[in-house]
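One structure is given here, and the rest of the page talks about it.
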Amino acid sequence: MKAEPASAPFAGPFALGTLSALSAPGALSAPGALAAPDQSVPAEFPALVTPDGEAIDVRAAFGEPALTTRGLLDRWEEFLPRLRALAAEGGAPRRPLAEFRVHAPVEPRQVFQSGANYRKHVIDLHVAHRAPADERSDEERREEAAALMDRRAADDLPYVFIGLPSAITGPYDDVVLPAWAGQPDWELELAAVIGKAAHRVPVSEALEYVAGYTIANDLTDRAAVFRGDMPQIGTDWLRSKNAPGFTPLGPWIVPASSIAEPRDLRITLKLNGETMQDDSTKDMIFDVARMVSYASQTARLLPGDLVLTGSPAGNGMHWGRLLRDGDVMDGSVTGLGAQRTRCVAEETP
């Protein structure tokens with residue numbers, strides 16, 4: 001499913017995307033023309049996207065035909081000033097975004113996901129995931145969850161786990177709902193994109209390692225989160241979050257310098273036109289810097305890696321309405337554009 005690319009403005013003078021020609025592979029070679037297809041060069045290419053809905057093939061502009069978006073991020077400190085200059089000058093060939101397919105903006109090596117990072121969201125889920133034998137009122141359960149969140153904030157201990165890059169799909173692609181998924185749900189999130197290797201970085205320096213931000217919808221099958229056969233083992237994130245296409249990503253990577261305050265961005269998800277999530281990153285328990293720093297204390301974060309920062313209140317479990325065949329999700333985050341994905345039931349024999 002392809003939305004109008006120009007319908008979702010982003011902050012700043014440019015953003016990065018990964019595009020491919022609708023008609024044939026090849027780089028932009030001149031205004032109004034595509035280069036002849038080259039089978040040695042990937043059809044997808046890194047693009048500088050302008051706020052007026054035009055795209056510049058960065059490979060052609062920089063004379064590096066094998067360059068990818070992740071390659072740009074591998075050399076982010078070198079390329080960022082060149083990208084700024086490219087956006088400001090008028091000589092490079094530009095083409096309308098409508099001529100291209102928009103893919104996920106980057107193929108990360110690693111995906112770090114966050115759970116229980118929005119106070120109201122956690123309280124809502126705590127109430128929704130009621131054990132059959134729990135006879136307490138919703139208000140009592142809310143008070144319990146609120147106290148738990150206060151303790152987590154005081155202990156300064158985020159909850160981070162690993163996702164699979166193979167779950168990522170484009171921002172306008174259809175999302176296939178597996179036949180086994182009993183309660184597929186949405187989780188729109190702000191994602192930080194790493195711009196240089198980070199290991200054991202302090203919170204005070206963590207944002208220096210963030211190249212930019214993008215949008216991620218971290219779909220979850222709620223029915224698969226907890227293992228009924230082994231309740232003592234805890235959560236099953238492989239099964240519940242990593243089906244192919246369960247992480248629509250993008251459309252763009254907006255440089256961090258264009259997002260003045262990541263702690264105050266509006267995250268909005270609409271299901272078939274009805275607003276389901278509409279909250280601010282102000283409700284985060286742990287902000288982006290803390291999340292990046294925390295993940296780096298154990299793992300070595302690499303350029304192009306994603307750090308998802310959790311989802312605000314308003315998921316399907318809260319509304320008693322899960323995803324089904326034909327649903328359309330529209331997700332946006334302040335300054336980062338918007339994505340639109342349609343749910344399609346898996347075809348079974």
Side-chain angles (χ1 to χ4, degrees), residues 104 108-119 121-134 141 144-145 148-149 152 155 157-169 175-191 216-249 269 276-277 285-286 291 294-295 297-299 301 305-325 327 329 341 343-348:
R109 300 174 180 91
Q110 304 177 108
V111 180
F112 299 89
Q113 297 173 312
S114 171
N117 197 35
Y118 279 78
R119 182 182 177 85
H121 167 60
V122 176
I123 293 172
D124 288 347
L125 284 181
H126 189 71
V127 173
H129 283 288
R130 177 189 298 274
D134 191 343
R141 290 175 57 76
E144 178 185 59
L148 175 62
M149 292 304 98
R152 288 188 64 235
D155 293 341
L157 192 62
Y159 180 33
V160 177
F161 48 93
I162 303 299
L164 295 180
S166 60
I168 291 173
T169 191
V175 173
V176 177
L177 303 178
W180 50 259
Q183 294 178 318
D185 201 351
W186 58 86
E187 291 191 10
L188 198 69
E189 306 191 16
L190 170 68
N217 192 353
D218 180 22
L219 271 65
T220 305
D221 177 30
R222 302 290 179 198
V225 171
F226 301 104
R227 290 286 294 263
D229 59 329
M230 293 185 292
Q232 299 85 357
I233 206 168
T235 47
D236 187 346
W237 296 128
L238 172 66
R239 181 74 164 173
S240 61
K241 285 182 174 288
N242 287 288
F246 256 37
T247 312
L249 188 72
L269 183 136
M276 311 303 278
Q277 289 183 286
I285 300 168
F286 305 104
M291 299 301 297
Y294 178 78
Q297 301 309 309
T298 301
L301 280 58
D305 285 354
L306 302 176
V307 179
L308 278 59
T309 57
S311 188
N315 302 110
M317 287 295 288
H318 168 71
W319 296 110
R321 165 61 159 92
L322 285 305
L323 293 170
R324 53 188 181 230
D325 185 43
D327 282 342
M329 295 178 287
T341 51
C343 297
V344 178
E346 181 183 20
E347 294 183 4
T348 57

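In this text, all values refer to a predicted model and were calculated from it rather than measured experimentally.
- Exactly one of Leu219, Thr220, Leu323 qualifies for a side chain to side chain contact (heavy atoms under 4.5 Å, CB included) with Pro184. That residue is Leu323.
- Summarising the geometry of Ile285 relative to Ala116, their closest heavy-atom pair is CD1-O, 3.7 Å, with the distance given to 0.1 Å.
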Taking it one step at a time, do Leu308 and Ser114 satisfy side-chain contact (heavy atoms from CB on, under 4.5 Å)? CA-CA 6 Å; Leu308 278 59; Ser114 171; 5.6 Å; no

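- Interatomic distance, Thr247 OG1 to Asn217 CG, rounded to the nearest 0.5 Å: 8.5 Å.
- When side chains are defined from C-beta on, Val175 counts as touching Pro248, because their heavy atoms get closer than 4.5 Å.
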Show the numbers, then the answer: is there a side-chain contact (heavy atoms from CB on, under 4.5 Å) between Gln113 and Val160? CA-CA 6 Å; Gln113 297 173 312; Val160 177; over 6 Å; no

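- At a threshold of 4.0 Å, the pair Lys241-Asp236 does not count as salt-bridged, since none of the basic side-chain nitrogens sits closer than that to a carboxylate oxygen.
- Trp180 has its side chain within reach of Asp221: a pair of non-hydrogen atoms, C-beta onward, lies under 4.5 Å apart.
- Rounding to the nearest 0.5 Å places CG of Leu190 at 11.0 Å from CE of Met291.
- Between Phe161 and Trp237, the ring planes are parallel. Angles under 30° get that label, and only those over 60° would be called perpendicular.
- A distance-only check finds no donor-acceptor pair linking the side chain of Asn117 to the backbone of Gly310 [under 3.5 Å].
- In this structure a side-chain-to-backbone donor-acceptor pair under 3.5 Å is present from Glu346 to Ala179.
- Here CZ of Arg152 is found 9.5 Å from OH of Tyr159. Values are rounded to the nearest 0.5 Å.
- Here CE of Met329 is found 10.5 Å from CD of Gln277. Values are rounded to the nearest 0.5 Å.
- Using a cutoff of 4.0 Å between basic side-chain nitrogens and carboxylate oxygens, Asp185 and Arg222 are scored as salt-bridged.
- Taking CG of Leu188 as the reference point, atom OG of Ser311 lies at 6.5 Å (rounded to 0.5 Å).
- Of all heavy-atom pairs spanning Leu249 and Ala216, the tightest one is CD1-CB, 3.9 Å.
- In this structure, Phe246 and Pro178 approach most closely via the heavy-atom pair CE1-CD, 3.6 Å.
- Atom CG of residue Leu269 and atom CH2 of residue Trp186 lie 7.0 Å apart, to the nearest 0.5 angstrom.
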Leu306 and Arg109: CA distance, side-chain angles, deciding distance, side-chain contact (heavy atoms from CB on, under 4.5 Å) verdict: CA-CA 9 Å; Leu306 302 176; Arg109 300 174 180 91; over 6 Å; no

Apply side-chain contact (heavy atoms from CB on, under 4.5 Å) to residues Thr169 and Thr341 and explain how you reach the verdict. CA-CA 10 Å; Thr169 191; Thr341 51; 5.6 Å; no

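- Heavy-atom minimum distance, Asn242 versus Leu164: OD1-N, 2.8 Å.
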